[in-house]
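Down below is the structure, laid out as structure tokens.
Predicted model, so just to flag it, every value in this text is computed and none were measured. Just so we're on the same page: letters track the sequence lines, and every chain starts at 1.
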There are 2 protein chains.
Amino acid sequence: MDLDLRKLRYFVAVAERRNFGRAAEQLYIAQPVLSRQIRAFEQELGCTLLVRTTRSVELTAAGKQLYEEAQGILAAVATAVRRVHDADRGVQRLTVAFSPGLHVSDVIRAFTSRHPDVETDVVPTRWWEQDAPLRDGRAQVGYLRRPFDDAGLRTISIGHEPRVACMPAAHPLAGRDELTSADVAGERLLDTPTRRTSSLEEKFELIASGHGIGLVPLSIARSYSRPDLVHLPVTDAPEIETCLAVLADRREKLLRDFLEIATATLRH
Amino acid sequence: MDLDLRKLRYFVAVAERRNFGRAAEQLYIAQPVLSRQIRAFEQELGCTLLVRTTRSVELTAAGKQLYEEAQGILAAVATAVRRVHDADRGVQRLTVAFSPGLHVSDVIRAFTSRHPDVETDVVPTRWWEQDAPLRDGRAQVGYLRRPFDDAGLRTISIGHEPRVACMPAAHPLAGRDELTSADVAGERLLDTPTRRTSSLEEKFELIASGHGIGLVPLSIARSYSRPDLVHLPVTDAPEIETCLAVLADRREKLLRDFLEIATATLRH
DNA sequence: CGAGATCCATGCCGTCAGGGTATCAATGAC
DNA sequence: GTCATTGATACCCTGACGGCATGGATCTCG
């Protein structure tokens, strides 16, 4: 829970050198200090990180895991500090999250041409937690595909796309040219994405293995075409919605500008 | 640089409450302590985070930025601790990075059916730094599309895909049915992805605006089709390669198993 | 096999960061 | 003008972190 970054850095040094003395030297502290700190760290975490003999130091499974996690944490801290300094110098920054298959470059370009001083960045989301980057502060605005967890989010619909029904090639309906929602009403639909059952790809996996049929946006169906699946237009299905989303309590001018530019850009 | 997580938590508490007294109460420390800690934190960072009057506390731009960054950092720390405990209890874990447009579910499924005890996860990469998740420990194996920075990586080619030439609809060659590499030899090619100039989308942007033509994998071309771009097969172009990549010094059995299953799964 | 080298752990000590209490100063409410 | 609220300052104490000296274990080498 309460993890100390200093001790984490110490651990990383030992993990990389596999030698307390050299690590201590590199850290500009005395070796006994390092021994104690690492031991204290292990006690705080409640598990052994290193197997020491007088001749060797090896990582336990927990130690290996921690070493991997440490990379990301320390990198995140470093970029955080840099960005805070940037912000202090007046640099503005906007990060846009986008879900698989969505295109954001038009809007990013329009936005940066209007705000050349603002640092922009994009970050891909995972299909089953599209809202995560917005909620944990990695992004301030998202291009997301419904449905997603929109509690606490303000959303603006920015486009529709036909849904197509996706089913195994061997499915009774697969021979048809097009379907109506009445046709698919009797079928088992795979719609709600959950962590375990469906990344986007796994959704197609489930469909291919006969667990049901899916209604997916046309562009996604096109890019994920597989020989064992067929896609059929559903003539009267409600179109699928693409949204802009921001945290509901955000009111910054920069965000308003982005939303305005984004919605304006869309009507070509 | 050397950021203290305790102080970061303190800052978050104040940022959320916008009140030192309440924040201190929530943190179970005395209010004067909190005042001093925050001030020390500001001095360490070298910039002001909060504007205090006796009646109100407001965030500066730097403070807002830090608050956003803090969310991600503290979340990352929490999951790191959880994963270390899991690893200590013997839970194994494998995270697969995949570049836009690649499909990993077949292999993930095959792998999890062989190793039901192993926690698997996938993480999308950004087009212009496909190797990043491998290098910072967020993933142990990647499904990447060449070219990427493979220094220190071990790669296994797992597939080829035809390249198609992508150019503006107004381009002289756009009327042709297909091209040879001789046709594109005289053209300005946009190939190396760099941070500023090209996310995948921005690459198409550049192409559309006449900065050159691109050679892209067929499946990508299909999913990113736009009215102002045309895609033409290049009959004799070398096919584009999809790779598995792992850090060169990784030799874990789990990784070897994954690579084996992955290569076996691919030859259907 | 014994001497020396190497390496991590332990004991003991000093310093300073972090936490507590008491109190002041500034501001807004009435 | 009085009082409540809130952040800052002053002063003290405890304990974590660092240093040094040294012990104990193991490997190497003659």
Side-chain angles (χ1 to χ4, degrees), chain A residues 1-60 62-64 66-67 70 73-74 77 81, chain B residues 1-60 62-64 66-67 70 73-74 77 81:
Chain A
M1 193 74 76
D2 208 23
L3 185 138
D4 182 358
L5 281 194
R6 185 193 299 124
K7 293 195 175 92
L8 187 61
R9 286 182 220 276
Y10 286 180
F11 168 75
V12 167
V14 176
E16 282 174 349
R17 309 279 172 127
R18 287 182 158 66
N19 178 317
F20 278 71
R22 308 283 163 70
E25 191 176 344
Q26 179 211 350
L27 293 167
Y28 299 105
I29 61 173
Q31 170 264 315
V33 175
L34 189 54
S35 288
R36 259 181 313 166
Q37 291 291 320
I38 297 292
R39 190 162 297 281
F41 196 31
E42 288 179 320
Q43 283 175 358
E44 285 169 20
L45 282 171
C47 57
T48 306
L49 300 172
L50 301 168
V51 179
R52 316 110 153 112
T53 70
T54 53
R55 308 306 295 172
S56 71
V57 175
E58 292 301 324
L59 295 178
T60 64
K64 282 180 190 154
L66 182 61
Y67 179 67
I73 290 173
L74 296 178
V77 167
V81 171
Chain B
M1 195 76 72
D2 209 23
L3 185 137
D4 182 357
L5 282 195
R6 184 193 300 121
K7 293 195 176 97
L8 187 62
R9 286 182 220 276
Y10 286 1
F11 167 74
V12 167
V14 176
E16 283 174 347
R17 308 282 173 124
R18 287 183 158 69
N19 178 315
F20 278 71
R22 309 283 163 73
E25 191 175 343
Q26 180 211 352
L27 293 167
Y28 298 104
I29 61 174
Q31 169 265 316
V33 175
L34 189 55
S35 289
R36 257 183 314 166
Q37 291 291 321
I38 297 292
R39 191 161 295 281
F41 195 32
E42 288 179 321
Q43 283 175 358
E44 285 169 21
L45 282 171
C47 57
T48 305
L49 300 172
L50 300 168
V51 179
R52 317 114 156 106
T53 71
T54 52
R55 306 307 295 174
S56 70
V57 175
E58 291 301 323
L59 294 178
T60 64
K64 282 181 190 156
L66 182 62
Y67 180 67
I73 289 174
L74 296 178
V77 167
V81 171

Between Phe20(B) and Leu50(B), is a side chain to side chain contact (heavy atoms under 4.5 Å, CB included) present by the stated rule, with each step listed? CA-CA 11 Å; Phe20(B) 278 71; Leu50(B) 300 168; 3.9 Å; yes
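- Taking 4.0 Å as the cutoff to heavy atoms of chain A, we find the contact window on DNA chain C bounded by dT6(C) to dC12(C).
- Residue Ser56(A) is classed as having no contact, given no heavy-atom separation below 4.0 Å to the nucleic acid.
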Please tabulate, one pair per line, each protein N/O and nucleotide N/O from nucleotides 18-20 of chain D that are separated by under 3.5 Å, including the distance.
residue	atom	partner	partner atom	Å
dG18(D)	OP1	Tyr10(A)	OH	2.6
dG18(D)	N7	Arg36(A)	NH2	3.4
dG18(D)	O6	Arg36(A)	NH1	3.3
dG19(D)	OP2	Ala30(A)	N	2.6
dG19(D)	O6	Arg36(A)	NH2	3.0

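- Lys64(A) pairs by the salt bridge (Lys or Arg N to Asp or Glu O under 4.0 Å) definition with nothing, not counting sequence neighbours.
- A salt bridge links Glu44(A) with Lys7(A); the closest basic N to acidic carboxylate O contact falls under 4.0 Å.
- Less than 4.0 Å separates DNA chain C from no heavy atom of any residue of residues 11-20 of chain B.
- Contact check for Leu74(B) versus Val12(B): side-chain heavy atoms found under the 4.5 Å cut-off.
- At whole-Å resolution of the value, CG in Leu34(A) and C1' in dA16(D) are 16 Å apart.
- In this view, Arg22(B) satisfies the salt bridge (Lys or Arg N to Asp or Glu O under 4.0 Å) rule with no residue, not counting sequence neighbours.
- The shortest distance between the side-chain N/O atoms of Arg52(B) and the OP1/OP2 oxygens of dT6(D) is not below 4.0 Å.
- Salt bridge annotation for Glu42(B)-Arg52(B): present, with a cationic side-chain nitrogen under 4.0 angstrom from a carboxylate oxygen.
- Leu5(B) and Leu3(A) get closest at one heavy-atom pair: CD1-O, 3.4 Å.
- For the pair Arg9(A) (side chain) and Arg6(A) (backbone), a donor-acceptor distance under 3.5 Å is absent.
- Taking CG from Leu59(B) and OH from Tyr67(B), the interatomic distance works out to 9.0 Å, rounded to the nearest 0.5 Å.
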N/O donor-acceptor pairs under 3.5 Å from side chains in residues 26-34 of chain A, not counting sequence neighbours:
residue	atom	partner	partner atom	Å
Gln26(A)	OE1	Arg17(A)	NE	3.4
Gln26(A)	OE1	Arg17(A)	NH2	3.2
Gln31(A)	NE2	Ser35(A)	OG	3.1

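- dG15(D) atom C1' lies 14 Å from atom CG of Asp4(A), rounded to whole Å.
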